[in-house]
S.K.: 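Before I ask anything, let me first share the structure, which is written out below as structure tokens.
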Amino acid sequence: MVDGFELFTDRSVVAMRVNGELRDLAATVTPTDAVEPVTLSSADGLNILRHSAAHVLAQAVQNVNPAARLGIGPPVTDGFYYDFDVAEPFTPDDIKSLEKAMDRIIRQGQRFVRRVVTAEEARAELAAEPYKLELIGLKGVSTGSTTGDGSTTGPAADAELGADNESVEVGGTELTIYDNVDPRTGETVWKDLCRGPHLPNTRMIGNGYSLTRLAAAYWRGSEKNPQLQRIYGTAWPTKDELRAYQARQEEAAKRDHRKLGAELDLFSFPEEIGSGLPVFHPKGGIIRQEMENYSRKRHAEAGYDFVYTPHITKSNLFETSGHLDWYSDGMFPPMKLDAEYDADGHMTRQGVDYYLKPMNCPFHNLIFRSSGRSYRDLPMRLFEFGSVYRYEKSGVVHGLTRVRGMTQDDAHIYTTKEGMKEELTSTLNFVLKLLADYGLEDYYLELSTKDPKKFVGSDEAWDEATQTLAEVAEASGLELVSDPGGAAFYGPKISVQARDAIGRTWQMSTIQLDFNLPERFDLEYTASDGSRQRPVMIHRALFGSIERFFAVLTEHYAGAFPVWLSPVQVVGIPVSEQYGPYLDEIIERLTEAGVRAQVDHSDDRMQKKIRNHTKAKVPFQLIVGEEDQANGAVSFRFRDGSQDNGVPIDEAISRIVAAIETRAQVTGQGQS
RNA sequence: GCCGCCUUAGCUCAGUCGGUAGAGCGUCUCACUCGUAAUGAGAAGGUCAUCAGUUCGAUUCUGAUAGGCGGCUCCA
């Protein structure tokens, strides 16, 4: 019997995997155990570091405020959090004092010591921690319920607890408490219910951690539960890695579409209009129009029919569709056209409610139903840039990514059951190709399947459709992630998750089967044998909402759009006034070729103009002075500051036009 | 919707321990005409988010409302 400290003398090893289970280095192993080291920089090691940092935070909070009760404190991406029940919420000043308190704990070099306890012992020791008692209780319930099927208590407990975040406390097969021991006195200074494992010593946290933000969070993630105060932090093995993380955060903040939207004069949210209701300024309007125009062109080529439908409707349409039953909370309240009454109080005119539409599909169903349909008409693909309005809760609106009024690139495809698979395949390929044209080329797929508690339609139909979607997804060769229970009530879906330039993922396109609406709208077509059949309906959107896709592209490109999307594609900058007319002629030729080009004739000095247009992220600056004019040439300056001087006019024009036609990204002389 | 924070010029932000405000950038005017990221000078621009309350007096203190930010919950 040896422990991990003897097995692994390398100081970067912070824990070990014994027969697949993560254990503290203090644990003992036998010669027959399979043991692997876990280093601080590995994924497991980082989680352990961050989880230990969360414990130190909790200890610091209880040092400062002994009345604070503990929630949970798991590691998360890049960091950790810990939830507390405190009488007064934390303030930004508390962050500083808590970091000081954490520093003291870290410098003490406290050891984390694991101790197995019974439920009764845990309850006695943690009698003052009601949330911990609740977790112990949950574990007790699940332990008791696992009989007969041979399953171990661990996974069953996890399942009962639901979220991984809670299982870090009590998710193991045994109930354990971690004591924080002062190495000089041997005294236990703090303890917490925890599955572990932990770092050998708090000193290892000191290299790169920081508390980052304060928030409120519902206990166990449910709106019905009380809110706890959450403190988020980040932790890294070294100070350099912490700084690199902070630099990444700053980079992401610079790309924030809300910031760029204001800086580049693309859009705004006038307070007078209302929360979540954007207006697009001329420059944003150009980007949006280019996005839409290209989409229209490709949809036309792919056999879609373009339709238009109104923004409001009488309530009966959404009664038929079921939206008023399922989603009325998310809809703007109705416009009530008042009933009229005569002098005797008798109704002389029935009142009617009109609603803003939250979805386009019911309207498209009416178009399908407007005449008798034959199998020869299918698949019928109805496309619309449809503006919809959703009453998003006040706390969730966020820039262009979560708005109350948006335009979807929405299409509904009606097809036969036999044609479903082929249609799904071609739709997915169409979607992926088009996304790539906008510059998003790295994605994976997510398959959302039935929520057993919330669905309509038969199990057979769901199974078949889910199977079909899975086959189509697999055939694409892309990475496929399953999202069990994530489907809408009316049918399974595939969604395309795209990774942007700095590695964040966004849910983009969705392809969704619907068993509900064809039934509710009693949609039918006549089959080749003369029988009446129900079509299969596919909802699909590429952008999801144009506003959101606009935001994603803005952040993906950090505002430096590819030339075809750039609001201003070319700016001419004369070295001095006298070269203006020469540049005007070149810019006019570009304008005639459909290029968005202008000459900067302002009084600013050339250097200032370069600065202005570089900040505005104009892809091509054409600079002209004596030398260029004498040679019939121009000098290019690109967004990254690189130059290409003395380019003959014809060549310059054809390079610019080619960059637009190929939808190339141009940031520097080396185009990508 | 919930918790916390925030709202001062077009933008970014100072400031007023309660006596109605200031900078930089931008805008406008004038001068300058210059070869690769800020020429100089001058001027205009604010009901200190809105509405109530306390006060002799409120941008400042209180409350409500609207909008925003960070999270939570939600996202057909």
Side-chain angles (χ1 to χ4, degrees), chain A residues 81 83 86 88-92 94 212-232 256 258-259 262-263 265 268-277 318 321-323 325-331 358-362 388 390-399 401-403 408 454 486-491 493 507 510 512 514 516-517 539 544-545 548 573-580 601-616 621-629 635-646:
Chain A
Y81 65 80
D83 289 343
V86 284
E88 294 293 320
F90 298 105
T91 67
D94 292 336
T212 50
R213 46 180 55 119
L214 301 169
Y218 297 105
W219 168 240
R220 303 193 65 225
S222 169
E223 235 177 335
K224 298 184 189 76
N225 288 337
Q227 274 194 334
L228 305 181
Q229 296 301 315
R230 176 171 295 179
I231 299 177
Y232 281 94
D256 191 313
R258 294 166 299 181
K259 184 177 157 72
E263 283 173 7
D265 196 16
S268 62
F269 290 87
E271 204 180 313
E272 292 83 344
I273 298 175
S275 182
L277 297 168
F318 291 127
S321 69
H323 285 99
D325 289 338
W326 292 88
Y327 301 113
S328 57
D329 285 351
M331 293 168 66
M359 291 192 94
N360 302 301
C361 29
V388 298
R390 297 178 180 182
Y391 187 72
E392 301 287 1
K393 289 191 287 183
S394 63
V396 307
V397 296
H398 181 92
T401 59
R402 194 80 180 268
V403 290
Q408 296 180 311
K454 191 181 171 191
F489 72 92
Y490 52 73
K493 73 170 176 192
Q507 182 181 315
T510 59
Q512 193 152 9
D514 189 340
N516 185 45
L517 287 181
H539 303 243
S545 92
R548 203 178 112 87
I573 299 176
V575 166
S576 73
E577 217 171 74
Q578 59 186 299
Y579 309 108
H601 286 296
S602 70
D603 284 348
D604 289 327
R605 295 174 70 203
M606 179 195 65
Q607 288 85 340
K608 184 60 177 293
K609 292 180 185 180
I610 289 170
R611 177 179 159 83
N612 287 155
H613 301 298
T614 304
K615 279 172 67 181
Q621 294 177 40
L622 296 185
I623 298 172
V624 164
E626 183 55 40
E627 209 176 307
D628 292 300
Q629 183 166 13
S635 292
F636 277 92
R637 185 187 162 102
F638 302 95
R639 286 186 280 216
D640 68 351
S642 65
Q643 306 167 33
D644 192 2
N645 295 339

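Every chain is numbered from 1 and lettered A, B, ... according to where its sequence line falls, protein lines coming before strand lines.
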S.K.: Checking A:Thr614 against A:Gln621: is there a side-chain donor and acceptor pair closer than 3.5 Å?
M.R.: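 Yes, because at least one side-chain N or O of A:Gln621 sits under 3.5 Å from a partner of the opposite role on A:Thr614.
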S.K.: Check every atom of B:rC34, B:rG71, B:rC74 against the side chain of A:Ala216 and return the nucleotide holding the closest atom.
M.R.: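 Of B:rC34, B:rG71, B:rC74, B:rG71 is nearest to the side chain of A:Ala216.
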S.K.: Return whichever of A:Thr91 or A:Asp256 has its heavy-atom-nearest nucleotide of RNA chain B closer to the 5' end.
M.R.: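 Taking each residue's closest nucleotide, the earlier one in sequence belongs to A:Thr91.
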S.K.: If we call it a pair only when both distances are under 3.5 Å in a Watson-Crick or G-U wobble match, what pairs with B:rA38?
M.R.: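 B:rA38 is paired with nothing.
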S.K.: Between A:Arg213 and B:rG71, is there a side-chain N or O to OP1/OP2 distance below 4.0 Å?
M.R.: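 Yes, within the criterion.
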S.K.: A:Leu277 CG to B:rA66 C1': how many Å, rounded?
M.R.: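 Rounded to whole Å, this separation is 14 Å.
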S.K.: Rounded at 0.5 Å granularity, tell me how far CD1 in A:Ile623 sits from CD1 in A:Ile610.
M.R.: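 If we round to the nearest 0.5 Å, A:Ile623:CD1 and A:Ile610:CD1 are 3.5 Å apart.
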S.K.: Base, sugar-phosphate, or nothing for A:Gln607, non-hydrogen atoms under 4.0 angstrom?
M.R.: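 The residue A:Gln607 makes sugar-phosphate contact but no base contact.
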S.K.: How long is the line joining OH of A:Tyr232 and C1' of B:rG4, in whole Å?
M.R.: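 Checked: the OH to C1' distance equals 13 Å.
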S.K.: Given that both distances must come in under 3.5 Å, which nucleotide forms a Watson-Crick or G-U wobble pair with B:rU33?
M.R.: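 The answer is none; no pair meets the criterion.
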S.K.: How many Å lie between CZ on A:Phe318 and P on B:rA76, as a whole number?
M.R.: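 Distance, rounded to whole Å: 16 Å.
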S.K.: With rounding to whole Å, what would you report as the distance between B:rU8 and B:rG68 at their C1' atoms?
M.R.: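 Per the computed distance, 15 Å lies between those C1' atoms.
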S.K.: Closer than 4.0 Å, any side-chain N/O of A:Arg637 to the OP1 or OP2 of B:rA37?
M.R.: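 So the side-chain polar atoms of A:Arg637 do come within 4.0 Å of the phosphate oxygens OP1 or OP2 of B:rA37, strictly under.
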S.K.: Examine B:rG71: is either OP1 or OP2 under 4.0 Å from a nitrogen or oxygen in the side chain of A:His398? Give yes or no.
M.R.: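 For B:rG71, OP1/OP2 do not have a side-chain N/O of A:His398 under 4.0 Å.
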S.K.: With a 4.0 Å limit, can you tell me whether A:Ser275 has a side-chain N or O closer than that to the phosphate oxygens OP1/OP2 of B:rG68?
M.R.: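 Affirmative; the distance criterion is met.
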S.K.: Quick one: label A:Glu626 by what it contacts on the DNA or RNA (base, sugar-phosphate, nothing), any heavy atom closer than 4.0 Å.
M.R.: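 Here A:Glu626 touches the bases of the nucleic acid.
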S.K.: Hey, does A:Asp329 reach any base, or is it just sugar-phosphate, or nothing, if we go heavy atoms under 4.0 Å?
M.R.: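 No contact.
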S.K.: Would one find a side-chain N or O of A:Gln621 under 4.0 angstrom from OP1 or OP2 of B:rA37?
M.R.: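 Checking A:Gln621 against B:rA37: no side-chain N or O falls below 4.0 Å of OP1 or OP2.
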S.K.: For B:rG45, give the paired nucleotide (Watson-Crick: N1-N3 plus N6-O4 or O6-N4; G-U: N1-O2 and O6-N3; both under 3.5 Å), or none.
M.R.: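 Paired with B:rG45, as far as the under-3.5 Å criterion goes, is no nucleotide at all.
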S.K.: Looking at B:rG4, B:rA76, B:rU36, which one has an atom nearest to any side-chain atom of A:Pro89?
M.R.: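 That would be B:rG4.
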S.K.: Of the options B:rG35, B:rC3, B:rU33, whose atoms approach the side-chain atoms of A:Glu627 most closely?
M.R.: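 The answer is B:rG35, which lies nearest to the side chain.
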S.K.: Can you tell me how far P of B:rC34 sits from CG of A:Asp604, to the nearest Å?
M.R.: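 In whole Å, B:rC34 P and A:Asp604 CG are 15 Å from each other.
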S.K.: Just the rounded figure in Å: distance from C1' of B:rG70 to OH of A:Tyr81.
M.R.: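 Rounding to the nearest Å, OH of A:Tyr81 and C1' of B:rG70 are 16 Å apart.
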S.K.: Considering every strand and a 4.0 Å limit on heavy-atom distances, what is the contact class for A:Pro358: base, sugar-phosphate, or nothing?
M.R.: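 Base, at least one base heavy atom under 4.0 Å.
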S.K.: Measuring only between side-chain heavy atoms, which start at C-beta, is A:Lys609 closer than 4.5 Å to A:Ser602?
M.R.: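 Touching, per the 4.5 Å side-chain cut-off.
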S.K.: For the atom pair CD1 (A:Ile273) and OG (A:Ser268), what is the distance rounded to the nearest 0.5 Å?
M.R.: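 Spacing of CD1 (A:Ile273) from OG (A:Ser268) equals 7.0 Å.
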S.K.: Let me know the distance between CG of A:Asp94 and C1' of B:rG70, rounded to the nearest Å.
M.R.: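 Rounded to the whole Å, the gap is 16 Å.
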S.K.: What integer number of Å spans the P atoms of B:rU27 and B:rC34?
M.R.: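 Going atom to atom, P in each nucleotide, I get 22 Å.
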S.K.: Respond yes when some side-chain nitrogen or oxygen of A:Arg258 is under 4.0 Å from OP1 or OP2 of B:rC11, and no when none is.
M.R.: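 Answer is no, no contact under 4.0 Å.
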S.K.: Ignoring the backbone of A:Arg611, work out which of B:rA38, B:rG1, B:rU33 is nearest its side chain.
M.R.: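 Closest of the options to the side chain of A:Arg611: B:rA38.
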S.K.: Hey, are the side chains of A:Leu622 and A:Phe636 touching, using non-hydrogen atoms and a 4.5 Å cut-off?
M.R.: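 In contact.
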S.K.: At less than 4.0 Å, is any side-chain N or O atom of A:Arg605 found next to OP1 or OP2 of B:rU39? Yes or no.
M.R.: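 Yes, such a contact exists.
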S.K.: Partner lookup for B:rG70, please. Criteria are Watson-Crick or G-U wobble with both distances under 3.5 angstrom; report none if nothing qualifies.
M.R.: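 Partner of B:rG70: B:rC3.
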S.K.: Distance from A:Glu626 atom CD to A:Gln578 atom CD, nearest 0.5 Å?
M.R.: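 A:Glu626 CD to A:Gln578 CD: 6.5 Å, rounded to 0.5 Å.
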S.K.: Does any donor-acceptor pair link the side chain of A:Lys609 with the base of B:rU36 at a separation under 3.5 Å?
M.R.: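 For A:Lys609, whose side chain was compared with the base of B:rU36, there is no donor-acceptor pair (under 3.5 Å).
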S.K.: A:Glu271 has a side chain; which of B:rA66, B:rA76, B:rA37 sits nearest to it?
M.R.: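 Closest nucleotide among those given: B:rA66.
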S.K.: With a 3.5 angstrom cut-off on both distances, give the Watson-Crick or G-U wobble partner of B:rA9, or none if there isn't one.
M.R.: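 Answer to the pairing question: none, since B:rA9 forms no Watson-Crick or G-U pair.
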S.K.: Sort out the partner of B:rU20 for me: Watson-Crick or G-U wobble, both distances under 3.5 Å, none otherwise.
M.R.: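 Partner of B:rU20: none.
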S.K.: Could you tell me whether the phosphate oxygens of B:rG26, OP1 or OP2, come under 4.0 Å of any side-chain nitrogen or oxygen in A:Lys608?
M.R.: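 Yes, because at least one side-chain N or O of A:Lys608 sits under 4.0 Å from OP1 or OP2 of B:rG26.
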S.K.: Between P on B:rC75 and CZ on A:Arg402, what's the gap in Å once rounded to a whole number?
M.R.: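 For the pair A:Arg402 CZ and B:rC75 P, the rounded distance is 8 Å.
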S.K.: Rounded to the nearest angstrom, tell me the gap between atom CD in A:Gln227 and atom P in B:rC72.
M.R.: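 From A:Gln227 CD to B:rC72 P: 11 Å.
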S.K.: Does A:Tyr391 make a side-chain N or O approach to OP1 or OP2 of B:rC74 shorter than 4.0 Å?
M.R.: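 No, no such contact exists.
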S.K.: Is there a side-chain contact between A:Tyr327 and A:Met359 (heavy atoms, below 4.5 Å)?
M.R.: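 No; the side chains remain at least 4.5 Å from each other.
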S.K.: In Watson-Crick or G-U wobble terms, both distances under 3.5 Å, what is the partner of B:rA52?
M.R.: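 Pairing partner, where one exists within any strand: B:rU62.
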S.K.: For A:Met606 and A:Ile573, work out which heavy atoms get closest and say how close.
M.R.: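 Of all heavy-atom pairs spanning A:Met606 and A:Ile573, the closest is CG-CG2, 3.8 Å.
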